[in-house]
Amino acid sequence: MAQYDFANYINGTWTGKELDTITVHNPATGDHIGSVPNAGEDHVKQAIDAASEALPEWSKKTAADRSDILRKYFELIMAHEDELAEIMTKENGKPLKESKGEVQYAASFIEWYAEEGKRTYGRLVPGKRENHRIKVIKQPVGVVAAITPWNFPAAMITRKLGPALAAGCTFIVKPPEETPLTCMRLAELAEEAGIPKGVFNVVNGNPETFSETIMGDMRVRKLTFTGSTPVGRLLMKQGSEQIKRLSLELGGHAPVIVCDDADLDQTVEMLMAAKFRNSGQTCIAANRVYAQSNIYDELIKRLEAEVKTLNTGDGMKDTTDVGPLINKDGYEKVDRHVKDAQDKGANIVVGGEGEANSDKNTYFYQPTLISDANHDMVMMNEETFGPILPIAEYDKDDEAIKAANDTPFGLAAYFFTQNVSRGTRISEGLDYGIVGWNDGVPSAAQAPFGGMKQSGLGREGAEEGMEEYLEVKYVSLSI
Ligand code: SIN
């Protein structure tokens with residue numbers, strides 16, 4: 001069996017082999033598949049030194065020169081799609097076909113920002129008096145640090161790295177302890193693509209040590225984080241001392257409204273993707289469905305037929321549609337949500353059982369469809385992060401919009417209707433940063449991904465994602 005043992009990547013050097021290691025396991029089999037160093041403060045500081053030293057030269061390059069390097073990086077990622085996908089499936093558990101989709105999605109951010117970097121324009125504004133001009137320019141923020149999650153081991157890195165590098169910033173990432181291996185292979189490819197030393201650094205280790213060191217160092221001008229809302233809140237507190245610039249992509253609790261004029265074939269296809277992708281472990285996963293009363297039974301019947309076809313297992317097998325949950329904590333949360341719903345009157349239409357093997361450290365949960373859901377149930381109020389789809393009934397659109405918005409979260413929401421007026425009203429009434437209208441897969445490099453309320457700050461992707469890595473300066477000029 002291939003073993004993936006990596007060092008840290010700091011200042012173009014593979015370093016830290018002498019340190020204690022973090023062991024990486026395959027969540028589908030429990031096998032030990034690789035390791036990375038467990039770096040302390042010293043290594044984080046070395047990475048900050050390297051990124052600071054590399055900044056002047058990288059930021060002064062022309063956008064076209066940076067674009068050429070990013071383009072080469074994109075091509076290398078695509079050329080290694082199969083290899084990266086295999087590493088990802090082994091460390092994360094998602095089915096190989098989904099991993100390939102993620103590698104393409106990850107690469108698309110590098111490709112898109114290789115182009116967008118060339119369009120970072122300022123503007124010239126007429127002055128307030130004769131012979132006065134105001135010149136607005138945009139400059140790179142500086143050294144950027146990133147903390148990324150295990151659910152998208154490649155895309156959550158490139159969605160930050162692409163715009164940061166295109167803008168002229170240098171970058172330090174701490175990948176997750178559960179899934180660092182894909183990131184390390186991406187770092188090897190970055191080196192091969194000619195990204196200069198110190199521009200892209202990877203430090204593995206304890207997240208608290210990383211964030212405390214980053215937040216205490218004035219040379220790091222920004223932290224970008226994808227993860228839970230409680231950790232995001234903590235980072236905001238830590239960052240307040242130095243007024244650190246922050247982008248936070250945090251938790252969600254996505255509602256889905258299915259109107260009685262929806263195309264049910266399309267709805268079911270999209271809902272299956274929005275729910276069961278990555279075993280439901282995505283921040284934009286459909287977490288709760290509100291179906292209008294007159295199509296409620298029919299929707300459940302159709303979903304039941306589809307959910308029954310899903311095979312759970314090792315993502316390396318062609319037949320697998322739904323992989324394992326990442327770990328015991330994830331499993332226990334899902335199980336708690338299902339038991340709570342059952343206690344409060346839910347009907348399990350399909351699934352409802354887990355398979356936990358604590359000796360092997362593997363945790364699977366059956367794709368589960370639940371009817372008769374109501375708002376007393378925990379899963380209708382909290383993100384489940386598992387393959388569970390609860391459905392409640394509604395009568396009037398306003399009632400469904402109100403229930404959909406009744407949460408501190410505001411990342412993604414979905415609705416299905418063929419009626420343009422009705423759809424426009426619903427889309428404008430939903431307090432969410434991402435709204436899928438007849439669409440269960442809204443993510444794309446050219447779309448500004450991000451949340452309202454406690455789902456975060458800032459956007460990733462699109463031109464808005466570029467702004468996150470730019471400072472605005474104006475030069476007030478008397479001529
Ligand atoms: C996430 O779960 O945070 C990312 C989902 C996506 O990019 O589609």
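Start at 1 with the first residue, then count along the sequence. Whatever order the structure lists ligands and atoms in, that order sets their numbers, starting from 1.
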Sorted by chain and residue number, the salt bridge (charged side-chain N to carboxylate O under 4.0 Å, His left out) partners of Asp318 (sequence neighbours excluded) come out as none
Counterpart residues, ring-ring contact (aromatic ring centres under 6.0 Å, His included), relative to Phe415 (two or more places apart): Trp437
Which residues share a ring-ring contact (aromatic ring centres under 6.0 Å, His included) with Tyr9, sequence neighbours left out: Trp14
Please check if the side chain of His80 supplies one atom and the backbone of Leu76 the other of a donor-acceptor pair under 3.5 Å. yes
Would you say Glu91's side chain and Thr182's backbone share a donor-acceptor pair under 3.5 angstrom?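 A pair under 3.5 Å: yes.
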Candidates Asn278, Leu325, Thr312, Leu369 - the one meeting side-chain contact (heavy atoms from CB on, under 4.5 Å) with Pro387: Leu325
Any protein N/O atoms within less than 3.5 Å of an N/O atom in ligand 1? List the atom names and distances, or say none.
| from | atom 1 | to | atom 2 | distance (Å) |
| --- | --- | --- | --- | --- |
| ligand 1 | 2 (O) | Asn151 | ND2 | 3.4 |
| ligand 1 | 2 (O) | Cys283 | N | 2.7 |
| ligand 1 | 3 (O) | Glu249 | OE1 | 2.9 |
| ligand 1 | 7 (O) | Tyr105 | OH | 2.7 |
| ligand 1 | 7 (O) | Arg159 | NH1 | 3.0 |
| ligand 1 | 8 (O) | Arg277 | NH2 | 2.9 |
| ligand 1 | 8 (O) | Ser443 | OG | 2.5 |

